Enquirer: 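One structure, pasted below without further comment.
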Amino acid sequence: MAFGLYSLIEAVILCLNAVCILHEERFLAKVGWGIDQHQGFGEAPGLKSQILNLIRSIRTVMRFPLIGVNIVTIGLKLLFG
């Protein structure tokens, strides 16, 4: 199996799917990455809060476009193998 542009795009789609299905109360809170993690006022956000903001942003922005991208990807896989 050759590594090409389609394989790279497919890997990115799978990673976005994985981020979109993460549930904060069920999974992230158990490992200490829940919503209740606050930072002080005026403090620079740490790496943990930046990653949590990235996860929330991806879930908010990519939820509906990702449905269409998944449908197209599945259709291409069915047509071309």
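In this chain, numbering begins with 1 at the start of the sequence shown. Not measured: the values here are computed from a predicted model.
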Enquirer: Going by atom type alone, with no hydrogens or angles, which donor-acceptor pairs under 3.5 Å involve a side-chain atom of residues 11-22 and a protein atom two or more places apart or on another chain?
Expert:
unit_1 : atom_1 : unit_2 : atom_2 : d
Asn17  : OD1    : Asn70  : ND2    : 3.0
Asn17  : ND2    : Ile13  : O      : 3.3
Asn17  : ND2    : Asn70  : OD1    : 3.1

Enquirer: Please tabulate, for side-chain N and O atoms in residues 58-67, each donor-acceptor pair with protein atoms closer than 3.5 Å (sequence neighbours left out).
Expert:
unit_1 : atom_1 : unit_2 : atom_2 : d
Arg59  : NH2    : Glu24  : OE2    : 2.9
Thr60  : OG1    : Arg56  : O      : 2.8

Enquirer: Would Leu47 end up clustered with Leu52 when hydrophobic side chains under 4.5 Å apart are linked, directly or stepwise?
Expert: yes
Enquirer: Please answer: with hydrophobic residues joined when any side-chain heavy atoms are less than 4.5 Å apart, are Phe80 and Val72 in the same cluster?
Expert: yes
